[in-house]
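A short write-up of the structure that comes next.
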Amino acid sequence: MDYFEYRSGELFAEGVPIRRIAREVGTPAYVYSLATLRRHFRVFDQAFAQLSHLVCFSMKANSNLAVLRAFVKEGGGFDIVSAGELFRALKAGAEPKKIVFSGVGKKKQEIEYALSAGILMFNVESEQELALLNEIARGAGKKAPISLRVNPDVDPKTHPYISTGMKKNKFGIDVQRSLEVYKRALSFSHLEVVGVDCHIGSQLTTIPPFVDALSRVKVFVEALRKEGACIRYLDLGGGLGIRYKDEEPPHPEEYAGALIQGLEGLDVTLILEPGRVIVGNAGILVTEVLYLKETDEKKFVVVDGGMNDLIRPALYGSYQGIRPVVERKGEMIVADVVGPICESGDFFAKDRQIPRPQPGDLLAVMSAGAYGFTMSSNYNSHPKAAEVLVDGENFDVVRARENLEDLIKGEVIPPALQ
Ligand SMILES: *Cc1c(COP(=O)(O)O)cnc(C)c1O
C-alpha cells in the first residue's frame, strides 16, 4: 500500500497535490512519500518480530540522505557496497554496528574506511578479498568481522541482469568451495568469522528460491560452529519483489513466515537487506509533456525526463506505470512515452494506452522509488532531477535540482589549450 492517490481527479502524494510540487520545484522531479517509506519499513521489520533480526536497507536502491535518515529513525541499518555509501550512511546518522558491506570489488581504501568506522561485518566475495582484508586489519591492529557471501546456485527466476546467486554470476563464492574457503578464513589471524551471507537476486516474485537458498547456506552455520567459529549472523540478502504491473509478489509476512520456518532451531541473528520492496512504490518520477509527435505508424509522447533520470526501462526493458497527474477524460491513444535523450532506448513506456496528453501536462512515472535516482546520470548533459520528500501536508526538497555549473564541476581546460 502507498500514499499516492487521486483526489477529485488529481494525483496527490499524501496531502500534497503533485501539481503543486511540479509548479514549485519544476520537472523532472522524484517525489517520495515519507508515510509510505515508514509503512513499508515497519511492515517488513515487524514481519520478523519474533526473531532476533536486523533490517539493513540496501542503500543502492535509494541513497538520498533524508530517506536514509527516516530508516535510521526506525532503527534500521544499511547494506552498503562502496565507501560513498558508507559516507552517506554515516552522514545520515547510522550506527556503524548496523552496517554490512557487500560487493565484489571493494578497494583497499574502502576496506580501510569501513574498518576504521567499525562496521558490523564485511560480506566477503572472494579469496583474494579475504587475504587483503586480513592484511589491512593486521596493519590497523584490528580483527575484521566477516561473513562469506556464498553463491548458492539457485535460480531466482528474475531478469538475468538482476540475478546474482547462480553459478554463472560474478557474485559470492561457489557453494561447493565455500566450506574450504571458510576454513581458510578461520586460519587468518586478523579475521573473525561471524556470519554466513547470500543474496540471490532482485525483484523475486516467488518464495521457493529464497527457501532453497536458505537451506543451502544454513548448513554452513552448523559446520562452522563445529570448526569452532562463533557464528552469530545469517544474512539472507534482499530481493523481495514489488508490483510494477501485474506481478503478485509475496507479502513480507509470507516471506518472513517461510524464512522463519526454514530457520527453525538455528540460533542466529537474521540479517535482511531489502531495497526495492521498501522504497520502490514509495516514489514517483514527475515529468512534463513537451510534445506529442504523431506519424502514420506511431505516436510519441515526448517528456522532459529520460533514461538519464530513470534507466530501468532502457536497461531491463522493465515496465513502469504511467499516470496523468490530472486525470483527463476523452480520447485514449496508444503511444511510446519517450525522453529527450538521443538514444532509441530512451523510453519510459512502449505502445502504452494513455489519455491523449497536451504539451504542459504532467505525467507520473510510478514505482520509481528504487533504482531510480541512484542510477541516474548526466548523459546528454542534463542536470540531475530534484528529489522531494512529502510528509503529510508538507514537502521538502531533499536534493536540489542540479544546475549548469554542477555539470562541469571538477572539469579543467589544461593550460596548453587555453
Ligand atoms: C542489491 C542488493 C540488495 C537489495 O536488493 P533488492 O532487490 O533491492 O531488495 C541486497 N543485498 C545485496 C548484496 C545487493 O547487492
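What you are looking at is a predicted structure, and each value in this text was computed from that prediction instead of being measured. Whatever order the structure lists ligands and atoms in, that order sets their numbers, starting from 1. We number each residue from 1, following the sequence as shown.
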Nearest-contact summary for [atom] - protein heavy atom, Å:
atom	result
atom 8 (O) of ligand 1	Tyr371 OH, 2.5 Å
atom 1 (C) of ligand 1	Lys60 NZ, 1.2 Å
atom 7 (O) of ligand 1	Ser202 OG, 2.3 Å
atom 3 (C) of ligand 1	Ser58 OG, 3.2 Å
atom 11 (N) of ligand 1	Glu273 OE1, 2.5 Å

Polar proximity ligand 1 side, [X] side, N/O cut 3.5 Å exclusive:
X	value
Gly239	yes
Gly275	yes
Arg276	yes

Suppose I only count heavy atoms of [X] and a 4.0 Å limit; which atoms of ligand 1 are within that range?
X	value
Pro274	9 (O)
Ser102	13 (C)
Arg149	13 (C)

Inset, instruction - Mind checking side chain to side chain donor-acceptor pair (under 3.5 Å) for Arg19 and listing every partner two or more places apart, or none if nothing turns up? - result: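 Expected list: Glu10.
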
Inset, instruction - Check if Val277 has a non-hydrogen atom at a distance under 4.0 Å from any atom of ligand 1. - result: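 Contact check Val277 vs ligand 1: negative.
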
Inset, instruction - Examine distances only and state if a side-chain atom of Lys106 and a backbone atom of Gly103 form a donor-acceptor pair shorter than 3.5 Å. - result: yes

Compare all side-chain heavy atoms of [X] with those of [Y] and state whether any distance is below 4.5 angstrom.
X	Y	value
Gln320	Leu310	yes
Glu222	Val219	no
Val326	Asp361	no

Inset, instruction - Tell me, please, whether Tyr30 has Arg399 positioned over its six-membered ring: NZ or CZ under 6.0 Å from the ring centre and within 45 degrees of its axis? - result: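 No, Arg399 and Tyr30 do not form such a contact.
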
Inset, instruction - Compute the ring centroids of Phe12 and Phe4, then answer whether they are less than 6.0 Å apart. - result: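 Between Phe12 and Phe4, the centre distance exceeds or equals 6.0 Å.
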
Legend entry - Check: Phe71 ring centroid to Phe41 ring centroid under 6.0 Å: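 Yes, close enough.
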
